[in-house]
Amino acid sequence: MLAREYGYWVSPGKAIRSGAASAFMRERRNEIAKRRQSANEWAGWVPLAALLLFLFIGAKMGEASWGLAVALGLPALLGWLVFKTVGADTPDPVAKLVEEQPWQAWPCRVEEIDGGTSTPRKRRTLLLAPDGSVVRVFDGQMPEEVWLFMTDGVGVLWVCGDLRFSVAMAPRGGSPIWLAAPVPGPAPADSNQGLGVIEEVVRQAGQDAMRAWLNE
């Protein structure tokens, strides 16, 4: 693990063991369950709507219209079947990460992505080596309160997962958690932040992370 090679803090247990992360994931699971229940309720009307469509077109346009009715109704039925068999049970990628991987405390620089209109805003996170060079780059919808808490966009984030793929991120303590995807291509040559600032962030990263873990 690259974080260990750099001497960064890695949690002694799975990320979900931190109290803040565990509480956040309980709320997240409840929200996902509510959304799926609502989607299932709406999806239950699809077969009835398709049947009514068949009958309506058949009654209005005669036998020649049944081909059109099938062409319009069949995609709706197929979409409903796919949703019922696959979409409703799609696993939560954040849950999989925090249940299987530890936290890693990474010094980082965060940048706004121009033109972002999503809520929360999409931001770019650059993970930094002890010398200030950029190791990995990720894009994700970082919560506004996390962004505002960082000084000049520099700080420490807890990262969970294999850095080659999508990871879960959180501020110190493990909540809130969001998903970030790797940005393809070579990482920038270095950070534009003074090395002294980076060294201070690195120095505090392990101490603060362990203190937060023990206080959970």
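Just so you know, these numbers come straight off a predicted model, no measurement behind them.
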Pair Y6, V135 - check side chain to side chain contact (heavy atoms under 4.5 Å, CB included), show working. CA-CA 11 Å; Y6 288 152; V135 178; 3.7 Å; yes

Return the CD to CZ distance between E144 and F149, rounded to the nearest 0.5 Å. 14.5 Å

Without placing hydrogens or testing angles, list every side-chain donor-acceptor pair under 3.5 Å for residues 173-180, not counting sequence neighbours.
none

Among V167, L126, L157, L127, whose side-chain contact (heavy atoms from CB on, under 4.5 Å) with W106 holds? L127

Assign the ring pair W103 / W158 to parallel, tilted or perpendicular, where the plane angle (0 to 90°) is split at 30° and 60°. tilted

Smallest separation among heavy atoms of L97 and S166, with atom names: CD1-O, 3.9 Å

For F24, ring-ring contact (aromatic ring centres under 6.0 Å, His included) partners two or more places apart: none

Given 3.5 Å as the limit, does a donor-acceptor pair link the side chain of Q104 with the main chain of G161, or not? yes

Just to verify, what does R164 make a salt bridge (Lys or Arg N to Asp or Glu O under 4.0 Å) with, not counting sequence neighbours? D162

Can you name the residues that form a side-chain contact (heavy atoms from CB on, under 4.5 Å) with A95, not counting sequence neighbours? M25, D92, E99

Just how far is it from atom NZ of K14 to atom CD of E100, taken to the nearest 0.5 Å? 8.5 Å

Check the hydrophobic clustering (I, L, V, M, F, W, Y; side-chain heavy atoms under 4.5 Å; chains of links allowed) and say if V146 and L148 are grouped together. yes

Partners meeting salt bridge (Lys or Arg N to Asp or Glu O under 4.0 Å) with R124 (sequence neighbours left out): D139

Quick one, F138 and L163 - any side-chain contact, counting heavy atoms below 4.5 Å? yes

How close do E112 and K122 get, heavy atom to heavy atom, and via which atoms? OE1-O, 4.4 Å

Is a side-chain donor or acceptor of D131 paired with a backbone partner of S133 at a separation under 3.5 angstrom? yes

Side chain to side chain donor-acceptor pair (under 3.5 Å) partners of R26, counting only residues at least two apart: S22

Starting at CZ of R123, measure out to CH2 of W147 and round the result to the nearest 0.5 Å. 6.0 Å

Taking all atoms of both residues into account, what is the closest heavy-atom pair of C108 and T125, and its distance? CB-CG2, 3.9 Å

Looking at S11 and G13, what are the two nearest heavy atoms and their distance? OG-O, 2.7 Å

